[in-house]
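Scroll down for the structure; my scribbles are underneath it.
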Amino acid sequence: MLVKRGIAVSPGVAIGPALLFGTENFKLSRHYTSKSEIDTEVGRFHAALDAVCADIEENQRVATERLGKEYGAIFGAHVMMARSPELISEVERLIRDETNTPERACEIVLNKYAKLFQELGSRYHAERAHDIYDLKNRLLRQLLGKQRQEMSDLTEPVLILAHNLTPSETANLKREFVLGFVTEVGGPTSHTAILAGALELPAVVGVGEFLSEVTSGDLVIIDGDRGEVIINPIESVIAERRAAQKKNESNYAALETERTAEPITADGERIQLLGNIEFPTETEHCLERGAEGIGLYRTEFLYLGVDQEPSEEDHYQAYCKVIEALGGREVVIRTLDLGADKVPSVGGLLAESTNSALGLRSIRISLQYREGFKTQLRAILRAAAKAPPGSVKIMFPLISSLNEFRQAKMVVRDVMDDLDEAGEPFPRDVPLGMMVEVPSAAILADHFAAEVDFFSIGTNDLIQYTLAVDRGDPAVSSLYRTGDPAILRLIRMVVEAADKPDRKIPVTVCGQMSSDPKFLPLLIGLGIRRISVTPHSIPELKAVIRRLTIPKCKDIATHAEWLGLSRGVDNYLQGELFKICPQLVR
Amino acid sequence: MGGQSVSHTVTVRLENGLHLVPCSRLVKLANGLGCDVRIRKGSLDADIKNIFDLMGLAAAFGDQLELRASGDRADEALAKVVQLFESNFAD
């Protein structure tokens with residue numbers, strides 16, 4: 001049994017077989033073979049080994065010819081490893097005595113050798129460990145006759161273990177076959193974390209290097225409450241976590257009874273609870289959980305998992321689906337919010353894509369490459385014609401200056417002119433708002449307030465930019481503190497700027513902060529009345545709201561702001577939550 | 001196993017230590033010998049027919065290794081292995 005710790009990003013406990021999803025990964029559909037097949041299986045192993053050695057010998061010949069004997073000798077040594085009697089007899093033994101498939105036997109034996117080398121600690125040996133992994137992959141490729149595992153061809157429920165998951169990989173997975181996620185890198189706001197939250201699957205990220213210690217098919221527990229990953233757990237641990245799993249479910253079921261209750265505080269203040277979605281199909285799920293509408297529709301998922309940029313029709317169909325499912329409730333559609341490397345038509349234009357959080361991304365792409373932006377806006381406006389006036393809102397991400405917001409607004413006007421000319425119906429007064437996620441936008445919120453129809457505070461990026469912490473870098477992830485007093489002050493500034501005597505501008509908080517029940521009293525105390533969250537957390541947030549009063553929230557906010565240290569804020573809020581709703585304290 | 005057992009100590013003079021290629025030379029040589037030869041480095045012990053064992057020694061430049069041969073014509077076998085070390089694995 002091996003226990004690894006990481007950052008708990010999506011609650012719950014999952015128990016099941018591991019699937020290693022990496023750069024080289026193979027689907028081992030069978031782990032065991034039948035006794036009658038043993039000779040055939042051993043034969044398959046030798047055939048694969050011969051083919052791999054022939055391959056390496058060919059490399060050896062070419063290397064000797066072109067680079068000299070000493071280079072060729074390296075490949076010769078690789079063949080020697082592949083043909084070493086110890087390796088062969090161990091693989092054969094695993095097939096004959098334990099009826100493993102040759103695939104599984106190779107995986108076990110070569111992983112073992114690679115690990116031995118890694119443990120020697122020198123860089124030279126670490127590289128040799130890579131050679132052994134490479135040998136393993138060659139063997140598996142031969143044995144399986146192909147091919148990397150694709151998330152889309154999962155056929156049984158597994159826990160996904162990966163170094164990192166790209167958004168397109170996560171977007172392509174078949175949800176019914178995924179029980180949970182673990183990644184070596186990533187922080188609380190990585191795409192894996194967001195998606196796991198949306199799918200209501202337990203997830204732990206930022207575990208650090210551990211994949212070499214796991215084999216696909218190993219039994220693994222993901223504890224998304226404690227942030228633990230347990231590989232090959234012993235019986236008593238399995239039993240204990242199964243009990244925790246049950247308790248979670250019954251806790252959730254108890255809160256579920258509050259699903260239909262109104263999100264109104266004990267002293268009668270109504271809080272609007274909206275849902276965040278990535279895919280149109282999630283809309284109904286949001287409503288089932290008790291959301292009043294969609295406060296954040298992340299449209300970039302339309303761009304992921306496809307080679308071509310989505311057409312106007314692709315956009316239009318997706319938006320119509322959401323609008324239809326909402327039956328007149330509101331939806332805030334956020335325009336493309338991705339790094340340049342993820343946008344097919346733009347990625348190719350870049351000499352070098354650094355994919356930096358400070359680089360060409362999000363609204364900056366939309367404003368530089370306007371065709372794609374216009375396509376998206378046309379689709380939104382056309383779809384909005386099918387919804388009640390004002391219920392479809394457009395939101396621009398990563399706005400950092402007034403000028404950017406004005407430019408975006410101008411493009412909307414251009415698109416409206418085009419639609420007019422084409423005789424397409426659209427709502428002329430569609431509300432236009434912005435994400436407040438760059439500190440400059442929060443600082444100048446009073447200026448923006450004169451020009452926008454709404455604000456939405458994106459806490460994930462606001463924290464990253466304010467504290468200068470790359471949220472994807474595990475080495476600094478402990479510096480990413482949601483409760484930092486600087487963040488609280490920026491939120492208060494936005495709320496105050498939006499509360500003008502002549503016109504009150506709605507302020508929503510979206511992002512992970514608002515889904516965490518301990519921050520809710522604070523946000524309400526700071527004056528927030530609209531929250532957009534992963535649908536899963538709506539029932540528990542409702543339960544909290546119904547136990548709060550506005551004066552109590554104001555006290556909590558004032559005290560938290562006074563504390564000055566993020567750790568102090570976290571502890572204080574945790575304690576307050578315990579007083580309000582003890583069953584929610586994790 | 002019969003016969004005698006002889007030993008000899010050598011020093012690794014390969015700049016990069018006993019890395020993959022010299023290990024493979026040792027294995028090749030060992031396969032042509034009629035007896036057992038083992039290498040000891042501190043508490044680690046390797047069969048020179050086993051490339052993974054040899055790599056596992058992680059023998060670096062300057063390390064002292066004890067070679068021990070046993071079985072028929074152990075003397076001759078040991079001499080060949082020592083010779084390989086002394087030639088510093090030259091071809």
Side-chain angles (χ1 to χ4, degrees), chain A residues 49 52-53 56-57 59-61 63-64 67-94 105-106 108-136 139, chain B residues 1 11-65 69-71 77 80-81 83-85 87-91:
Chain A
L49 186 64
V52 167
C53 289
I56 306 176
E57 277 158 0
N59 290 343
Q60 180 179 9
R61 196 184 60 75
T64 309
L67 303 166
K69 217 170 151 189
E70 58 273 38
Y71 287 95
I74 297 171
F75 292 98
H78 285 178
V79 174
M80 190 167 276
M81 286 204 283
R83 289 235 181 260
S84 101
E86 295 74 28
L87 187 151
I88 293 172
S89 66
E90 228 178 313
V91 171
E92 281 190 8
R93 191 187 63 77
L94 284 173
C106 285
I108 294 172
V109 172
L110 287 153
N111 279 354
K112 190 191 82 179
Y113 281 124
K115 239 178 89 182
L116 277 176
F117 279 15
Q118 272 169 342
E119 280 165 5
L120 292 174
S122 86
R123 198 167 153 185
Y124 179 77
H125 286 92
E127 279 165 20
R128 297 293 75 75
H130 277 288
D131 293 346
I132 293 176
Y133 285 128
D134 183 52
L135 183 61
K136 175 186 82 173
L139 281 167
Chain B
M1 202 185 287
T11 305
V12 178
R13 289 187 289 122
L14 291 158
E15 204 180 324
N16 296 316
L18 199 59
H19 61 88
L20 188 58
V21 173
C23 286
S24 70
R25 297 278 308 279
L26 276 169
V27 175
K28 221 180 263 173
L29 174 66
N31 285 334
L33 301 173
C35 65
D36 255 10
V37 183
R38 305 188 69 86
I39 297 186
R40 198 135 104 191
K41 187 193 114 181
S43 60
L44 298 170
D45 182 66
D47 178 347
I48 71 163
K49 288 200 185 78
N50 184 336
I51 190 157
F52 293 107
D53 259 18
L54 289 175
M55 288 289 292
L57 290 176
F61 179 84
D63 280 353
Q64 301 248 316
L65 304 177
S70 52
K80 282 184 185 163
V81 179
Q83 159 64 24
L84 189 59
F85 272 94
S87 74
N88 213 15
F89 293 83
D91 274 317

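Protein chains get the first letters and strands the later ones, always in sequence-line order, with residue 1 at the start of each. Keep in mind that what you see is a predicted model, and the values were worked out from it rather than measured.
- Applying a 4.5 Å heavy-atom cutoff, the residues of residues 108-119 of chain A that approach chain B are Y113(A), F117(A).
- Every residue meeting the side-chain contact (heavy atoms from CB on, under 4.5 Å) condition with I88(A), not counting sequence neighbours, appears here in chain and number order: F45(A), H46(A), L49(A), E92(A).
- Taking the side chain as every heavy atom from C-beta outward, L20(B) and M81(A) approach each other to under 4.5 Å.
- Between chain A and the options N50(B), I51(B), V21(B), D53(B), heavy-atom pairs under 4.5 Å are most frequent for N50(B).
- Around atom CZ of R40(B), no more than 12 heavy atoms belonging to other residues, nucleotides or ligands sit under 6.0 Å away.
- Shortest non-hydrogen contact noted between R128(A) and M55(B) is CG-CE, 3.4 Å.
- The number of heavy atoms from other shown groups lying within 6.0 Å of NZ (K41(B)) is above 12.
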